[in-house]
Amino acid sequence: MVEVTRNFTVDATPEAVVDYLRDFSRATEWDPGTVTCEQTSPGPVAVGTRWHNVSKIGGMETELTYELTRLEPGRVVFVGKNDTATSTDDITVTTGGNGTAKLTYHATIEFHGAAKLASPIAKLVFEKVGKDTEDSLVRIFSTKE
């Protein structure tokens, strides 16, 4: 299992951050590994909404089905699954003061079967992805009006 945690502040209210992040199709804007991400379940975004995500990390492309498993003020959780891994993005958002929000981004990737052998190398790759994700979110919220 690989775990990556990033703590950072963005120039937006916690409500604006949660509202933006709850639609996982926007991962193409903030997740450096996401190539495409399309909502596959009908209706407005709510707990249970699913997305088909194609990511390319470390030169390898993978497809996962993500589901919004938790949506509440100050917290968004997505769980993505395929045959080789389960990926959980758990994002907590609190007030940072002066119109800012503090984010704790915690990603957990659990590999299944033979893919477990990749965990030590994957840790290094996902640490960089975590930093790049932080940089993307800070940039996105510094340009929002």
Side-chain angles (χ1 to χ4, degrees), residues 1-58 60-112 115-116 118-119 121-145:
M1 180 165 52
V2 174
E3 293 185 80
V4 175
T5 301
R6 306 295 298 183
N7 295 293
F8 55 98
T9 301
V10 298
D11 291 326
T13 65
E15 297 80 15
V17 173
V18 170
D19 186 56
Y20 174 81
L21 290 175
R22 70 187 184 90
D23 184 352
F24 201 64
S25 66
R26 292 185 179 130
T28 58
E29 300 171 13
W30 58 266
D31 180 356
T34 296
V35 177
T36 62
C37 191
E38 297 177 5
Q39 185 174 330
T40 58
S41 54
V45 173
V47 170
T49 300
R50 292 177 182 245
W51 293 264
H52 178 258
N53 179 284
V54 177
S55 293
K56 189 170 188 178
I57 298 172
M60 301 201 47
E61 191 169 276
T62 188
E63 298 182 33
L64 293 101
T65 298
Y66 273 89
E67 180 177 344
L68 178 60
T69 61
R70 189 169 183 173
L71 175 61
E72 56 193 47
R75 191 146 181 219
V76 181
V77 180
F78 298 98
V79 177
K81 296 180 180 182
N82 66 16
D83 290 341
T84 59
T86 299
S87 177
T88 302
D89 292 344
D90 187 343
I91 307 163
T92 303
V93 186
T94 58
T95 301
N98 296 326
T100 65
K102 291 182 181 180
L103 280 75
T104 299
Y105 175 82
H106 184 79
T108 305
I109 303 94
E110 184 177 347
F111 294 100
H112 310 296
K116 288 181 183 180
S119 287
I121 295 168
K123 174 71 171 166
L124 296 173
V125 172
F126 283 104
E127 283 291 343
K128 179 172 181 350
V129 170
K131 174 64 175 133
D132 292 346
T133 297
E134 174 185 343
D135 293 346
S136 294
L137 286 169
V138 168
R139 177 185 44 77
I140 285 167
F141 285 106
S142 70
T143 60
K144 290 215 179 277
E145 301 190 17

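Below, each value reflects all heavy atoms present in this structure, side chains not excepted, and no hydrogens, waters or symmetry copies.
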Heavy-atom side-chain contact between [X] and [Y] under 4.5 Å:
X	Y	value
W30	D132	no
L64	S87	yes
V17	V10	yes

Which of L137, T133, L21 passes side chain to side chain contact (heavy atoms under 4.5 Å, CB included) with I91? It is L21

One should read off an interatomic distance between F8 CZ and K131 NZ, to the nearest 0.5 angstrom, of 9.5 Å

One should read off an interatomic distance between M1 CE and I109 CD1, to the nearest 0.5 angstrom, of 10.0 Å

Residue pairs meeting salt bridge (Lys or Arg N to Asp or Glu O under 4.0 Å), one or both in residues 37-54, sequence neighbours left out, come to R50-E67

Residues pairing under salt bridge (Lys or Arg N to Asp or Glu O under 4.0 Å) where one sits in residues 70-88, two or more places apart or in two chains, turn out to be R70-E72, R75-D90

Which heavy atom of [X] sits nearest to which heavy atom of [Y], and what is that distance?
X	Y	result
S41	G48	OG-O, 4.3 Å
F141	A16	CE2-O, 4.3 Å
V47	T69	CG1-O, 3.8 Å

Those residues that, when tested against [X], pass side chain to side chain contact (heavy atoms under 4.5 Å, CB included) (two or more places apart):
X	result
V76	V18, L68, L71, F78
T34	A27, T28, D31, C37, N53, S55
V54	V35, T36, H52, E61, E63

Can you name the residues that form a side chain to side chain donor-acceptor pair (under 3.5 Å) with [X], not counting sequence neighbours?
X	result
T62	N82
T104	N7
T86	H112

Ring pair (Phe, Tyr, Trp, His ring centres under 6.0 Å) filter on Y66, not counting sequence neighbours, yields F24

| task | Check the pair E29 / I140 against side-chain contact (heavy atoms from CB on, under 4.5 Å), numbers first and verdict last. | result | CA-CA 8 Å; E29 300 171 13; I140 285 167; 4.0 Å; yes

Margin query: Assess whether a salt bridge exists between R139 and D135, defined as any Lys/Arg side-chain N lying under 4.0 Å from an Asp/Glu carboxylate O.
Written below: no

ring-ring contact (aromatic ring centres under 6.0 Å, His included) pairs touching residues 80-109, sequence neighbours excluded, are none

Across all chains, not counting sequence neighbours, the salt bridge (charged side-chain N to carboxylate O under 4.0 Å, His left out) partners of D23 are none

